[in-house]
Amino acid sequence: PRDGATPLVPVDDVSFEVHRGELVGLVGESGCGKSLTGLAIPRLLPENARLGAGTSLRMDGEELAALGESAMRPWRGRRIAMVFQDPMASLNPVMRVGAQIGEAITAHHAVPAAEVRRRAIALLAEVGIADPEERVDAYPHQLSGGMRQRVMIAMALAGEPSLLIADEPTTALDVTVQAQILELLDRLRRERGLAVLLITHDLGIVAGRADRVLVMYGGRIVEAADTAPLFAAP
């Protein structure tokens, strides 16, 4: 708030859990507070927003809401990773994708220089990019939208996180590629035991993938249920 103005409360009284190996869908219309909720977890809120008094963000028994900025930094990327909807806005257009994945690797792990490229190629292969030994040297504009999103997921995995927050990761993709990216997230959470929070405005996206669905409206979670019962009797 500025000049003594009453602060707005765009998200209020939201409480939920995401467990290892579980994919939880957070669904709601544009402007309901989904992305703010996702950004609040790794404490990446915009400068004009803050966590309210009494907020609790617990992960593996640690209270993140109470940590200072320097203590919070190792949790970002290493324990909690995020994937956003527009990879072209997140990738550096003048750096090869392998170098960008390499930066993500060395930011969280002490890895010899000779090992970084091998790990980057392995991550590209894990997220389903064909010919990863060649693609590792590509620039973002040389890749399709779906491949760029896979690169962003590879970068998110570089820190070996426990929680992956995917904020509208398929919005800019066509339907066929959407399904491939969702299948990738589903496979990764099963193979890596990841906890995945999938944020979307599209109920159809979570229908066949999520274990549980949280429905958000007006800054609050108004419904929470296992996926099958939610669609059978909302």
Side-chain angles (χ1 to χ4, degrees), residues 16-28 34-35 38 41 77 80-91 97-98 100-101 104-105 119-136 138 140 142-216 224-232:
F16 62 91
E17 297 179 351
V18 185
H19 301 280
R20 292 181 185 274
E22 184 179 45
L23 194 155
V24 174
L26 179 59
V27 183
K34 305 185 303 297
S35 292
I41 296 171
I80 306 169
M82 292 197 73
V83 176
F84 298 97
Q85 64 175 283
D86 185 3
M88 279 304 280
S90 302
L91 292 169
V97 297
Q100 297 185 59
I101 297 171
I105 293 169
R119 286 202 187 185
I121 291 171
L123 283 168
L124 289 176
E126 184 177 5
V127 298
I129 289 186
D131 302 317
E133 294 85 357
E134 296 181 16
R135 299 296 187 183
V136 73
Q142 295 174 313
L143 304 178
S144 67
M147 292 174 71
R148 288 193 291 265
Q149 192 59 283
R150 290 174 188 269
V151 170
M152 290 303 303
I153 295 171
M155 291 175 67
L157 296 176
E160 300 180 1
S162 302
L163 171 64
L164 179 65
I165 302 170
D167 188 2
E168 303 273 10
T170 62
T171 297
L173 306 175
D174 65 46
V175 174
T176 302
V177 181
Q178 276 187 13
Q180 294 171 356
I181 296 298
L182 292 170
E183 174 59 35
L184 171 61
L185 292 174
D186 195 23
R187 175 172 60 81
L188 289 171
R189 63 95 176 219
R190 286 184 276 107
E191 294 178 354
R192 286 188 171 230
L194 276 172
V196 178
L197 180 64
L198 175 61
I199 299 172
T200 179
H201 63 272
D202 187 344
L203 275 167
I205 283 177
V206 300
R209 303 289 178 191
D211 298 298
R212 290 185 294 119
V213 179
L214 312 170
V215 181
M216 200 164 189
D226 290 345
T227 306
L230 179 84
F231 281 89

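Only a predicted model underlies this, so the values are computations on that prediction, with no experimental measurement involved.
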Would a distance-only check, ignoring hydrogens and angles, find a side-chain to backbone donor-acceptor pair under 3.5 Å from [X] to [Y]?
X      : Y      : answer
Thr200 : Glu168 : no
Asp226 : Ala228 : no
Asp174 : Val177 : yes
Glu133 : Ile121 : no

From [X] [atom1] over to [Y] [atom2], what is the distance, rounded to the nearest 0.5 angstrom?
X      : Y      : atom1 : atom2 : value
Lys34  : Leu198 : NZ    : CG    : 11.0 Å
Asp186 : Leu182 : CG    : CG    : 8.5 Å
Thr170 : Ile205 : OG1   : CD1   : 3.5 Å
Arg212 : His19  : CZ    : NE2   : 5.5 Å
Leu23  : Arg209 : CG    : CZ    : 9.5 Å
Leu197 : Glu22  : CG    : CD    : 10.0 Å

Pairs of donor and acceptor atoms involving the side chains of residues 145-166, under 3.5 Å and at least two apart or interchain, shall be tabulated with distances.
| unit_1 | atom_1 | unit_2 | atom_2 | d |
| --- | --- | --- | --- | --- |
| Arg148 | NH1 | Pro140 | O | 3.3 |
| Arg148 | NH1 | Leu143 | O | 2.5 |
| Gln149 | NE2 | Phe84 | O | 3.1 |
| Gln149 | NE2 | Pro169 | O | 2.7 |
| Arg150 | NH1 | Val127 | O | 2.6 |
| Ser162 | OG | Arg20 | NH1 | 3.4 |

Contact summary for [X] and [Y], nearest pair of heavy atoms:
X      : Y      : result
Phe16  : Leu214 : CG-CD1, 3.5 Å
Thr227 : Ala210 : OG1-O, 2.5 Å
Gln178 : Leu173 : NE2-O, 3.3 Å
Leu203 : Phe231 : O-CZ, 3.4 Å
Pro132 : Leu124 : CB-CB, 3.8 Å

* Can you sort out the partners of Ser35 under side chain to side chain contact (heavy atoms under 4.5 Å, CB included), two or more places apart, ordered by chain and number? => Asp167
Using a 4.5 Å cut-off on heavy atoms from C-beta on, say whether the side chain of [Y] contacts that of [X].
X      : Y      : result
Ile101 : Val136 : no
Ile41  : Met82  : no
Gln100 : Leu91  : yes

* To do: Check whether more than 12 heavy atoms from other residues, nucleotides or ligands sit under 6.0 Å from atom CD of Glu191, and answer yes or no.
  => yes
* Asked: Should we count CZ of Arg189 as having more than 12 external heavy atoms under 6.0 Å?
  -> yes
